[in-house]
Number of protein chains: 2
Amino acid sequence: MRTETEYGQFCPVAKAAEIVTTRWTPLILREMICGSARFNEIHRGVPLMSRALLSKRLKELQASGVIARDGAAGSPASAYRLTPSGEALQPIILALGLWGRQWVESALDGPDWDAGVLMWDMRRRIDTSALPAGRTVMQFDYHDAPDELRRWWLVIDDDAVDLCQSDPGHEIDLYVAASVPVMAGVWIGKRSLPAALDDEEIVLVGDAGLRRSIRRWLKLSLLADAAERTHAPAG
Amino acid sequence: MRTETEYGQFCPVAKAAEIVTTRWTPLILREMICGSARFNEIHRGVPLMSRALLSKRLKELQASGVIARDGAAGSPASAYRLTPSGEALQPIILALGLWGRQWVESALDGPDWDAGVLMWDMRRRIDTSALPAGRTVMQFDYHDAPDELRRWWLVIDDDAVDLCQSDPGHEIDLYVAASVPVMAGVWIGKRSLPAALDDEEIVLVGDAGLRRSIRRWLKLSLLADAAERTHAPAG
DNA sequence: CAGTATCCGATGCGATACTG
DNA sequence: CAGTATCGCATCGGATACTG
């Protein structure tokens, strides 16, 4: 192979591809566009990536001028942020996602549907400021998932959101029942949340306030947001 | 590693990235967007890629539904074409190139500048229909290139365009003199061709008709075209 | 022309363990 | 928390040779 991952062409498409399309990099950018800034925070979005490789990619992105750090390396305050050049990649990553949603079959019904990754994604997008102060506990039930991935709990305590796979033992404020494809379809903006609720494909049981405010405290994915901005939601 | 180049996430960005951002794939798509359809034609645009790998990538792209073939495999008439899903990638590849042109330093002054690749690119974009019938011979001289990459000849005979690195012995109809960065800057649309001619950074000597019609017979790269469409050219 | 088959070396990357 | 260092192998991909 040529040195590393270079293409030996001056064409700007090739130069851009060398930076943006190395393995995992589009997903790291997606995470940062979604607001992740700390190392572990970014890693949560790409849990299958080794930390060593993430570290390497972050260095490469810094060398390319796409991201930069605020504090000193290693310092507790250190955070990564997108530079202007990195911000300029946002519409490209977004377009890639919209393309994937529209054209990749398995984006909705492949065997990749994993309730765990979905819950991790959702966990990161709970808007705690739209929830009551103190503790809120939600239980998710995916009737179509294998037993070990079927039930999940979110324990929200003021700012902290904890995801559990075993019953934390607290009283449940809200039960959420759905199939994985339905919840995922809503999550990526392929279907609107109110429509799925109306059709009872997602069923909420419990605190009336939480049920009513779900559109505020459950912030959907980057793509669902984009969909609302580009074309009016279906329902 | 996980199976092949998959990410194990359902996020549409990840699914799209699995298809679009594997090594060489963005460049193959660029070639096809530029109009290449035959195997060897595509390969000319990515000459550093092995034919075996190109073959493999083309199969993968077919499996993903991004491209399809017209004739039977191997038949002389066989050609690849973008499907609707592939066409939908055009704005993304274009945006990637525009980003690269704007933000990647070395896109214009790195050590990657190679007059050979530039000439190969240009060769593919000569519009023979805008040239006189019969034979036209042009000589390019890059005064800043190393000796072995300094002089190039294009021999155009009706439809056929041949690129030579040694004097083909015919009478020269047009001499083109420039530096590699200047010609490349024009080629990728960073600078307009008329402006570079006005400033004598590109100098044409020879047939007056060829000199006048250069904007028609030398079709610039995908990106230069896009630039003309999105914002008025500088000159 | 338009590929395929085989070989094999380089390296990308995961796993594990360690550091400040 | 935020990484780094080392090891080892799977696989990616280049080179070469062959086919319809």
Side-chain angles (χ1 to χ4, degrees), chain A residues 1-9 14 17-28 31-32 36-63 67-81 159-160 162, chain B residues 1-9 14 17-19 21-28 31-32 36-63 67-81 124 159-160 162:
Chain A
M1 223 201 301
R2 356 194 23 72
T3 320
E4 299 272 320
T5 66
E6 298 186 359
Y7 289 119
Q9 298 193 191
E18 286 174 8
I19 294 171
V20 178
T21 74
T22 48
R23 186 158 156 76
W24 290 108
T25 300
L27 304 195
I28 295 171
E31 286 309 303
M32 296 194 63
S36 294
R38 313 295 301 271
F39 185 88
N40 282 342
E41 203 176 6
I42 296 167
H43 190 238
R44 253 177 247 126
V46 281
L48 296 173
M49 185 182 193
S50 74
R51 301 168 62 78
L53 185 53
L54 174 56
S55 174
K56 186 182 171 200
R57 284 286 183 273
L58 289 171
K59 279 197 203 318
E60 291 166 1
L61 287 171
Q62 285 177 75
I67 67 174
R69 344 196 25 165
D70 282 333
S75 84
S78 81
Y80 300 89
R81 64 186 160 73
D159 275 8
D162 266 339
Chain B
M1 223 202 300
R2 358 192 23 73
T3 321
E4 298 271 322
T5 66
E6 298 186 359
Y7 289 119
Q9 298 193 189
E18 286 174 9
I19 295 172
T21 75
T22 48
R23 186 160 157 74
W24 289 109
T25 300
L27 304 194
I28 295 170
E31 287 310 303
M32 295 194 63
S36 294
R38 315 294 302 272
F39 184 89
N40 282 342
E41 203 176 5
I42 296 167
H43 190 239
R44 254 177 246 125
V46 281
L48 296 174
M49 187 182 191
S50 75
R51 300 168 63 76
L53 185 54
L54 175 57
S55 175
K56 185 182 171 200
R57 285 286 183 274
L58 289 171
K59 279 197 203 318
E60 291 167 359
L61 287 171
Q62 286 177 74
I67 67 175
R69 345 195 25 163
D70 282 333
S75 85
S78 82
Y80 300 88
R81 64 185 161 74
R124 288 183 307 132
D159 275 7
D162 266 339

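Below, chains carry the letters A, B, ... as their sequence lines are ordered, and counting in each starts from 1.
Listed by chain and residue number, Glu31(B), Glu41(B), Ile42(B), Arg124(B) satisfy the side-chain contact (heavy atoms from CB on, under 4.5 Å) test with Ser36(B) (two or more places apart in sequence, or in another chain). Partners of Thr22(B) by side-chain contact (heavy atoms from CB on, under 4.5 Å), not counting sequence neighbours, listed by chain and number: Thr5(B), Thr25(B), Arg57(B).
Atom NE2 of His43(A) is separated from atom CZ of Arg38(A) by 15.5 Å, given to the nearest 0.5 angstrom. Here the NZ-CG distance, from Lys56(A) to Leu61(A), works out to 12.0 Å after rounding to the nearest 0.5 Å. Here Met32(B) contributes atom CE and Ile67(B) contributes atom CD1; the two are 5.0 Å apart, rounded to the nearest 0.5 Å.
Counting to the nearest Å, the C1' atom of dA2(D) and the CD atom of Glu41(A) are 13 Å from each other. Between Ile67(A) atom CD1 and dA2(D) atom C1' the separation is 14 Å, expressed in whole Å. One can place NE2 of His43(A) at 12 Å from P of dA2(D), the figure rounded to the nearest angstrom. As rounded to whole Å, 10 Å separates atom C1' of dC13(C) from atom CE of Met49(A). Taking atom CD of Glu18(A) as the reference point, atom C1' of dG12(C) lies 16 Å away to the nearest angstrom. If you measure from atom CD1 of Ile42(B) to atom P of dC1(C), you get 14 Å, rounded to the nearest angstrom. The nearest whole Å value for the distance from the CD atom in Glu6(A) to the C1' atom in dG13(D) is 16 Å. Atom CD1 of Ile28(A) and atom C1' of dG3(D) are 14 Å apart (whole Å).
The side-chain heavy atoms of Phe39(A) and Leu58(A), taken from C-beta on, include a pair separated by under 4.5 Å.
Among the duplex regions that DNA chain D forms, those built from at least three successive Watson-Crick or G-U pairs under 3.5 Å are C:1-20 with D:1-20, ordered by first number.
Neither OP1 nor OP2 of dC1(D) sits under 4.0 Å from any side-chain N or O of Arg44(A). Taking side-chain N and O atoms only, Arg57(A) has a distance below 4.0 Å to OP1 or OP2 of dC13(C).
Proximity note for Leu53(A) (side chain, C-beta onward) versus dG14(D), dA2(C), dC13(C): the nearest is dC13(C). The side chain of Tyr80(A) approaches dG3(D) more closely than any other nucleotide in the set dG13(D), dC1(C), dG3(D). Of all nucleotides listed (dG3(C), dC1(D), dG14(C)), dG14(C) comes nearest to the side chain of Trp24(A).
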Where do N or O atoms of nucleotides 4-7 of chain D meet protein N or O atoms at under 3.5 Å, pair by pair?
residue, atom, partner, partner atom, Å
dT4(D), OP1, Lys59(A), NZ, 2.6
dT4(D), OP2, Ser55(A), OG, 2.1

Run the side-chain donor-acceptor check on residues 44-55 of chain A: report pairs under 3.5 Å with partners two or more places apart or on a different chain.
residue, atom, partner, partner atom, Å
Ser50(A), OG, Leu53(A), N, 3.1
Arg51(A), NH1, Asn40(A), OD1, 2.9
Arg51(A), NH2, Asn40(A), OD1, 3.2

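Across all their heavy atoms, Tyr7(A) and Ala14(A) have their closest contact at CD1-O, 3.6 Å.
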